[in-house]
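Below is one structure; the comments refer to it alone.
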Amino acid sequence: MLASFYGFTVALMVALCFVFLVTAEERERVYELNITNHLIDPDCSGFTTPTLLVNQQLPGPPLVATRGDRVRIVVRNMLLATSTGQGNMTTHGGETNEMAIHYHGVRQYGSSNADGVPFVTQAPIPPGGAFVHEFNVVNQAGTYFYHAHVGLQEMTVFGPFIIYEDERADPEQRHDRSTLSVAGYEYDDERTISISEWWHRARTEFEAYFMGPQFTLIPEADSVLINGRTVNDATNVKTNGTCGGYSTIDVEPGKTYRLRVIGSTTFRTLGFAIAQHSFTIIEVDGEIVKPYVTNTLEVAPGQRFSVLLHADQPVGDYTIGTVRRWAESVNPYSNGFAVLRYRDAQPSFRARRRRAVIPAHDTNHTISHTVAINQTAAVMSLPTNAPEFSPQVPGWIWSELEPYYGVDPVSRKSPSRTLKLRAHEKVMPDNSTRWFINNVAYMDPKTTILADIVNRRRMPRQKLELLSQTNGYDAQLTTYPLEYFEIVDFVLQNTHLPGMPCRSHPWHTHGHSHWEIATGPGEYIEQRDGHIRNSQSPIHRDITLQYPAADEPSSNATMATDGEHAIGCGWTKIRIIADNPGVWAMHCHNTPHMLMGMMVVLEEAAPLIPTMGLSSSYRL
């Protein structure tokens, strides 16, 4: 279960990862992700547990491409049939040591089978197995990431996926100290920050807790990690020879950096700030936006930002910090800290990068990519300065952000249909807890949906007009069928049980980015609320945080027919255009909520799917 168990085999596979091949016809990026078990102590607490890592790293190594590239990723599941002696507990997405990797935010045009959702687009990878994802990066660029989609594996199985707009934005494609640029924004270099959570308990035990009768609430993480590190308790540091202390992000005085911030958290939305520095937001979820200056980012699970950071303060160290947001009755303090460190411009600093590939041959057709690691000796204490966070406000600054290239006309059109997805929580007869969408808690199908469509094993689809009584849901297919190129509005209806808090939910759309076009309190009623458009300049993103809102502001509050009297406490309307034939998950990116059933599947332009030739991604 440790690295030594695999010995030479693992070391060889890691060494062969991240080979980039270039031909005269097209550029192909080839990667290999090996999932293995290790004992780690990322927060200097002395606690270790068998933990899944990608290529023995936390976060996993970056995947890098340029818009238009062909990407080939081999995922190898090198886990044992059971990993901790607790047995193979079944979770959504497969058995606890089965594996699937999702490329979050990548729309997978024409490659639904590379999306990495078990039993939706592929069968999960069994221990000892492998799966090859092949896809083209079609009309996308920005900050993305990859993560596991089985159980709670994504707590540690994740890593950046950076898609450059063109060579002018890629630090590795320049041969001098010239500036980088995108959409008129110029900067000297870039840094990537991944934020994640770490609990002092075994993953399999945690999965059993969430899905079992002992569940009461989602416990706060013991630590928030920045680039895989923090110090759990600065007054009680236990190094054990493996503690790395706080991550450091090195910058040169006077330079401007594109800071890519990735919300790899499992549960919590966090505020993110750096002492004595502000951010200029230029990208959200792959969408370039007009410059917006703020001192705080609100980073929901799955959300990504690019911001310009100006290293214009006196030379020294500055605290990078996080704070919990949208956690009722929870202390907002977070131990998620790192250090921004000013360093002199020295050649040794600029060269101190970890090479992802050491080409062995054919150097004329191989590109090696590197990643700045910015890490020296372990840093065990923080600077005395502290970041300041803007107040927590429903909606944050989303209504003030504007798309750089103008509002997409699709977001202004009338929809083909409006489908209301009403989520409610329910305690089951066995005392376990599930989340239902329109009275259906998502469960894994017995066979993979996409494979059944490709092989024409699916039952005939009902006409869409016949699904109006079920709000678009086809109980035979267990999906929401969509017609090709129709414009569909989804109303995400939040609810809470009497006496329970109204919770936030970060909704993620696979295969699409979406526009948030309206929000409101209480219960959505089409006849009353259908005309509301209070998002004036919606941006195209794939994560929308549904904020807690007030109940219906009258004594006629609408109750559900779910038998639990869930009360509407706010709604968010998002819009997609069904331009991507395939099957696509749509779910809350609070992973425990997703596991408990807060997920639906869109079956888009199903008659076209068997003709698409989805054979490039396959199991080895």
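In this chain, numbering begins with 1 at the start of the sequence shown. Below, each value reflects all heavy atoms present in this structure, side chains not excepted, and no hydrogens, waters or symmetry copies.
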**OP:** Could you give me the CA-CA distance, side-chain angles and deciding distance for Arg107 and Glu604, then say whether salt bridge (charged side-chain N to carboxylate O under 4.0 Å, His left out) is met?
**Re:** CA-CA 13 Å; Arg107 298 185 199 126; Glu604 187 168 329; over 6 Å; no
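- Under the ring-ring contact (aromatic ring centres under 6.0 Å, His included) criterion, Phe305 pairs with Trp396, not counting sequence neighbours.
- Looking at Glu190 and Tyr164, their side chains do bring a donor and an acceptor atom within 3.5 Å of each other.
- Checked by atom type and distance alone, the side chain of Asn438 pairs as donor or acceptor with a backbone atom of Lys420 at under 3.5 Å.
- Here the options are Arg575, His514, Arg417, the test is side-chain hydrogen bond (donor to acceptor under 3.5 Å, both in side chains), and the partner is Asp489; only Arg575 passes.
- Ring pair His147/His104 is tilted by interplanar angle, where 30° to 60° counts as tilted.
- Counting heavy atoms from C-beta outward, Val440 and Thr478 have side chains that stay 4.5 Å or more apart.
- Proximity of a side-chain donor or acceptor of Asn494 to a complementary backbone N or O of Ser504 within less than 3.5 Å is not detected.
- The aromatic rings of Trp326 and Tyr547 stand perpendicular to each other, their planes meeting at an angle above 60°, with 30° marking the opposite boundary.
- Residue Phe158 comes nearest to Met155 through the heavy atom pair CE2-O, 3.3 Å, listed as atom of the first residue, atom of the second, then distance.
- Here the side chains of Thr591 and Glu154 are in contact, with some heavy-atom distance below 4.5 Å.
- Looking at Trp198 and Thr156, their side chains come closer than 4.5 Å, going by heavy atoms from C-beta outward.
- Residue Gln57 holds its CD atom at 10.0 Å from CG of Leu33, rounded to the nearest 0.5 Å.
- Here the CD-OG1 distance, from Glu205 to Thr96, works out to 12.0 Å after rounding to the nearest 0.5 Å.
- Side-chain N or O atoms of Gln493 include one that pairs as donor or acceptor with a backbone N or O of Tyr524 at under 3.5 Å.
- Nearest heavy atom pair, residue Pro610 against residue Ala606, reads CD-O, 3.2 Å.
- Under the side chain to side chain contact (heavy atoms under 4.5 Å, CB included) criterion, Ala100 pairs with Pro118, Gln122, Val150, not counting sequence neighbours.
- Scanning both residues, Ile288 and Ala183, for their nearest heavy atoms gives CG2-CB, 3.9 Å.
- The only option from His505, His508, His424 that meets the ring pair (Phe, Tyr, Trp, His ring centres under 6.0 Å) definition with His593 turns out to be His505.
- The closest side-chain heavy-atom distance from Ile125 to Ile35 is not below 4.5 Å.
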**OP:** Would you please test Ile577 and Lys413 for side chain to side chain contact (heavy atoms under 4.5 Å, CB included) and show each step?
**Re:** CA-CA 11 Å; Ile577 180 169; Lys413 295 179 179 292; over 6 Å; no
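- Counting only N and O atoms by type, the side chains of Thr51 and Arg203 include no donor and acceptor under 3.5 Å apart.
- A 4.5 Å side-chain heavy-atom check between Glu134 and Arg72 finds at least one atom pair inside the cut-off.
- Tyr473 and Tyr480 have their aromatic ring centers within a separation under 6.0 angstrom.
- The OG1 atom of Thr266 sits 8.5 Å away from atom CZ of Phe206, with the distance rounded to the nearest 0.5 Å.
- A 4.5 Å side-chain heavy-atom check between Leu63 and Tyr103 finds at least one atom pair inside the cut-off.
- Between Asp542 and Arg304 there is a salt bridge, since a side-chain N of the basic residue sits under 4.0 Å from a carboxylate O of the acidic one.
- Considering Thr36, Leu58, Leu152, Leu79 as possible partners of Leu52, the one that fulfils the side chain to side chain contact (heavy atoms under 4.5 Å, CB included) test is Leu79.
- A donor-acceptor pair under 3.5 Å is absent between the side-chain atoms of Tyr404 and the main chain of Glu283, judged by distance alone.
- The CD1 atom of Ile449 sits 10.5 Å away from the CG atom of Leu602 when rounded to the nearest 0.5 Å.
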Original post:
So Ile163 and Tyr144, side chain to side chain contact (heavy atoms under 4.5 Å, CB included) or not? Walk me through it.
Top reply: CA-CA 7 Å; Ile163 302 176; Tyr144 306 90; 3.7 Å; yes
Original post:
Under the ring pair (Phe, Tyr, Trp, His ring centres under 6.0 Å) criterion, do His587 and Trp507 qualify, and how do the steps go?
Top reply: CA-CA 6 Å; His587 61 86; Trp507 278 88; 7.9 Å; no
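- Across every non-hydrogen atom of Glu98 and Pro126, the tightest pair is CG-CA, 4.2 Å.
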Subject >> Intermediate values then yes/no, side chain to side chain contact (heavy atoms under 4.5 Å, CB included), Arg258 and Val182 >> reply: CA-CA 10 Å; Arg258 181 177 183 172; Val182 57; 3.7 Å; yes
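- Met586 has its side chain out of reach of Trp584: every pair of non-hydrogen atoms, C-beta onward, lies at least 4.5 Å apart.
- When atom types are taken as modelled, the side chain of Thr509 and the backbone of His512 share a donor-acceptor pair closer than 3.5 angstrom.
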**OP:** Decide yes or no on side chain to side chain donor-acceptor pair (under 3.5 Å) for Glu207 and Thr204, but give the supporting numbers first.
**Re:** CA-CA 5 Å; Glu207 290 171 340; Thr204 50; 5.9 Å; no
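- At a threshold of 4.5 Å between non-hydrogen side-chain atoms, the residues Tyr442 and Asp444 count as touching.
- Asn227 places a side-chain N or O within donor-acceptor distance of the main-chain N or O of Ser194, the cut-off being under 3.5 Å.
- For the atom pair CZ (Arg541) and CG (Leu401), the distance works out to 8.0 Å, reported to the nearest 0.5 Å.
- Considering all non-hydrogen atoms of both residues, Ala423 and Met598 come closest at CB-CE, 3.5 Å.
- Of the possible polar contacts, one joining the Ser112 side chain to the Val583 backbone as a donor-acceptor pair under 3.5 Å is found.
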Subject >> Pair Glu483-Ser416, side chain to side chain donor-acceptor pair (under 3.5 Å): steps then yes or no >> reply: CA-CA 10 Å; Glu483 295 289 357; Ser416 309; over 6 Å; no
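- Counting only N and O atoms by type, the side chains of His102 and Asp115 include a donor and acceptor under 3.5 Å apart.
- Salt bridge Glu298/Arg325: present, at least one basic N to carboxylate O contact under 4.0 Å.
- Using modelled atom types and a 3.5 Å distance limit, the side chains of Thr66 and Arg29 yield a donor-acceptor pair.
- Side-chain N or O atoms of Glu197 include one that pairs as donor or acceptor with a backbone N or O of Phe267 at under 3.5 Å.
- Residues Ser306 and Thr143 bring a donor and an acceptor atom of their side chains to less than 3.5 Å of each other.
- Here Ile73 contributes atom CD1 and Ile101 contributes atom CD1; the two are 9.5 Å apart, rounded to the nearest 0.5 Å.
- Heavy atoms only, all atoms of each residue included: Phe161 and Ala65 are closest at CE2-CB, 4.3 Å.
- Salt-bridge formation is detected for the pair Arg27/Glu167: a Lys NZ or Arg NE/NH1/NH2 atom is positioned less than 4.0 Å from an Asp or Glu carboxylate oxygen.
- The backbone N or O of Leu492 sits less than 3.5 Å from a side-chain atom of Gln546, completing a donor-acceptor pair.
- Using modelled atom types, no side-chain atom of Arg76 and backbone atom of Glu32 make a donor-acceptor pair closer than 3.5 Å.
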